[in-house]
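Please read the structure below before turning to the comments.
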Amino acid sequence: MDMKRARSPRAPADGDGEGDKRKAAGARWGGAVRPKMVLVGFLVTLALLAFTFGGRSTPLPSTPSSPSSVPEAGGRHVVAGGETPKKTVIPPKNVSAPATVPSQDKLLGGLLSAAFEESTCQSRYKSSLYRKPSPFPLSPYLVKKLRKYEAYHKKCGPGTQRYRNAVEQLQAGRNADDGPECKYVVWFPCNGLGNRMLTIASTFLYALLSGRVMLVNVPREQEGLFCEPFPATSWVLPGGFPEGNPMKLNVGAPESYVNMLRNGVIRHDTPAASLPAHVYLHVEQTRLRLSDNIFCDDDQKLLGKFGWMILKSDSYFAPALFLTPMYERELARMFPEKEAVFHHLGRYLFHPTNKVWGIVRRYYEAYLARVDEKIGFQIRIFPEKPVKFENMYDQLTRCIRKQRLLPELGSPANATGEHDGKVKAVLIASLYSGYYDKIRGLYYENPTKTGEVVAVYQPSHEEKQEYASNEHNQKALAEIYLLSYCDKIAMSAWSTFGYVAYGFAGVKPWILLRPDWDKEVSQVACVRSTSVEPCLHSPPILGCRAKKEVDVARVKPYVRHCEDVGFGLKLFDS
């Protein structure tokens, strides 16, 4: 289905109905003074209008909206707690930024580089203006690390002689000698957009730690979604790359690090010059475990000898890097607050292109900019554990009531026709329209006890996920960003889409738990997350030299099991 268009009420044409009034007034005027009076009046009026409306290049502070100022998707109005709207409030036509008071720090405390032309990627410096300031201070060491990486990527990235030399060596089947000037990790996609964003962020963190240039293989369905994150260079893997046939990238690939180690092709003491030209890491969850157990010091030291690394993953494996002893000190300097890893890296890496940003900005300005509070509900039903619509809707409403996410409903018979001026917007992100229809109906047909107005919106409902559709992914990315602008978020368990959204926002969500495998209904509707970090669904088997499984959540103070995935791991700050 098409994204519901944001339609603002139209103002009458300038001067409608005024001509007859001026003629009648003119009949009563006399003498030569009449044109001057008209000119003076016009100039004074023009100056006042220019001062009031034309001089604002920054957004207006948000003000309480009347029910009539909140349109329903499609141009209609959905209100609760007040009278039927009698007139429409026309927003200023020149609004180009959110109506909420923004943070003016476009560089996010130094997280972003200033070396970009703003017009080429408007979201890079504007998307943060739609959110509250980050609750997590930025480490100066991370800022320094990012600027250093940008220079490294520019020196070794696509189009440089160093890159061409490295590709020629790969084609010749030779690994670089010890200490090559440029080393690379090439990311290949797996699963949906949420998974891809989480794994790109994890791969980039790995590149920062291991001294590699990260290149991203961009398939057709992902083209035109993201701007380049690094100045004066590209992160896109050029065409004609000699390795990385997607059909060969699987857990059984002979180039897989684990398989080469198991088959005696390589050993931990193999010198760099004797290693194959590249190594493949298959960091995908298999039987709820990461397939390549690479997070021990011995493994990392051997992997560091390879000039080229190809990586494919569907998992947010950043927490596993915190479990690797040789990286612990560096990570502590980069992220003094552990739960801010994806929050910082995600906002650094991912900037929607102008086309996608246009969808986000227009929708936000039409429906969300002038409300007092934004509440996001993200519902995902997984095929391996389907939940009936009635059961999922009941669970959502139980969560809403218990956590008081929305105002209580009153009786239509007791409606006073007055409201307190506060407007709450509900944004629903789901493949299905049923949740929107039900919640909208509640607040359309009933007033709230507090007199607050509740407006309900859903940008799209695609009915099914289309991994290979570029248009579908554009809408998905737009909705991730819209959801990330919400003040409160409730989301489905296990959903990487939801993880990305609340990670961007820096908001701890309420998680709608899955029913037990032998149940159809979850007894607990939702729980509050202890962290804004995503969950690693399939933690690696750790123990390294001890060669035994260790529950790291018991021994690492900054790791605990996820609320929605009991055996999963997430970073948090106690």
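Taking the side chain as every heavy atom from C-beta outward, Glu563 and Thr530 approach each other to under 4.5 Å. The closest side-chain heavy-atom distance from Val454 to Val426 is below 4.5 Å. Counting heavy atoms from C-beta on, the side chains of Tyr435 and Gln378 never come closer than 4.5 Å. Taking the side chain as every heavy atom from C-beta outward, Asn191 and Thr199 never approach each other to under 4.5 Å. A heavy-atom distance below 4.5 Å is found between the side chains of Phe377 and Leu406. In this structure the side chain of Val283 never reaches within 4.5 angstrom of the side chain of Lys312, judged on heavy atoms. Looking at heavy atoms from C-beta onward, Phe335 lies in side-chain contact with Leu205 at the 4.5 angstrom threshold. Side chains of Pro459 and Lys475 form no contact here, defined as non-hydrogen atoms less than 4.5 Å apart.
One finds the CD1 atom of Ile428 at 11.0 Å from the CG atom of Leu483 (value rounded to the nearest 0.5 Å). One finds the CE atom of Met491 at 5.5 Å from the CD1 atom of Ile511 (value rounded to the nearest 0.5 Å). Expressed to the nearest 0.5 Å, how far CG of Asn195 lies from CG of Asp314 amounts to 6.0 Å. Separation of atoms CD1 (Ile439) and CD1 (Ile400) is listed at 4.5 Å; rounding is to 0.5 Å. Taken to the nearest 0.5 Å, the CZ atom of Phe389 stands 9.5 Å off from the CD1 atom of Ile381. With rounding to the nearest 0.5 Å, the separation of CZ in Arg370 from CG in Asp372 is 12.5 Å.
In summary, of the residues considered (Lys402, Lys449, Arg401), a salt bridge (Lys or Arg N to Asp or Glu O under 4.0 Å) with Glu408 occurs for Lys449 alone. Here the options are Leu569, Leu571, Leu323, the test is side-chain contact (heavy atoms from CB on, under 4.5 Å), and the partner is Lys556; only Leu323 passes. Only one option out of Tyr130, Tyr363, Phe350 pairs with Trp357 in a ring pair (Phe, Tyr, Trp, His ring centres under 6.0 Å); it is Tyr130.
Counting only N and O atoms by type, the side chains of Gln458 and Ser433 include no donor and acceptor under 3.5 Å apart. A donor and an acceptor atom, one from each side chain of Gln474 and Asn470, are located under 3.5 Å apart. Using modelled atom types, one finds no donor on one side chain facing an acceptor on the other under 3.5 Å when comparing Glu452 with Tyr443. Lys570 and Ser529 share a side-chain donor-acceptor pair at under 3.5 Å.
Taking a 6.0 Å sphere around CD of Glu328, one finds it holds more than 12 heavy atoms contributed by other residues, nucleotides or ligands. More than 12 heavy atoms of other residues, nucleotides or ligands sit less than 6.0 Å from atom NZ of Lys145. Heavy-atom contacts from other residues, nucleotides or ligands closer than 6.0 Å to NZ of Lys388 number 12 or fewer.
Tyr558 places a side-chain N or O within donor-acceptor distance of the main-chain N or O of Phe322, the cut-off being under 3.5 Å. Counting only distance, with no hydrogens or angles, the side chain of Ser460 and the backbone of Glu462 share no donor-acceptor pair below 3.5 Å. A donor-acceptor contact shorter than 3.5 Å links the side chain of Asp564 to the backbone of Trp494. For the pair Tyr481 (side chain) and Ala501 (backbone), a donor-acceptor distance under 3.5 Å is absent.
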Please set out all donor-acceptor pairs under 3.5 angstrom arising from side-chain atoms of residues 513-528, sequence neighbours excluded.
unit_1 : atom_1 : unit_2 : atom_2 : d
Arg514 : NH2    : Glu384 : OE2    : 3.0
Ser522 : OG     : Val524 : O      : 2.6
Arg528 : NE     : Lys508 : O      : 2.7
Arg528 : NH2    : Lys508 : O      : 3.2

In a table with atom names and distances, give each donor-acceptor pair under 3.5 Å that connects a side chain of residues 338-345 to protein atoms at least two apart or in another chain.
unit_1 : atom_1 : unit_2 : atom_2 : d
Glu339 : OE1    : Val532 : N      : 3.0
His343 : ND1    : Gly503 : O      : 2.8
His343 : ND1    : Phe504 : O      : 3.4
His343 : NE2    : Ser134 : OG     : 2.7
His344 : ND1    : Arg347 : NH2    : 3.3

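Nearest heavy atom pair, residue Phe572 against residue Ser531, reads CB-CB, 3.7 Å. The two residues Arg196 and Pro219 come nearest to each other via the heavy atoms NH1-CG, 3.7 Å.
Within the structure, every pair that satisfies the salt bridge (Lys or Arg N to Asp or Glu O under 4.0 Å) test and touches residues 485-504, not counting sequence neighbours, is listed here: Lys132-Asp487, Glu373-Lys488.
Using bins of under 30°, 30° to 60° and over 60° for the plane-to-plane angle, the ring pair Phe295/Phe317 lands in the tilted bin.
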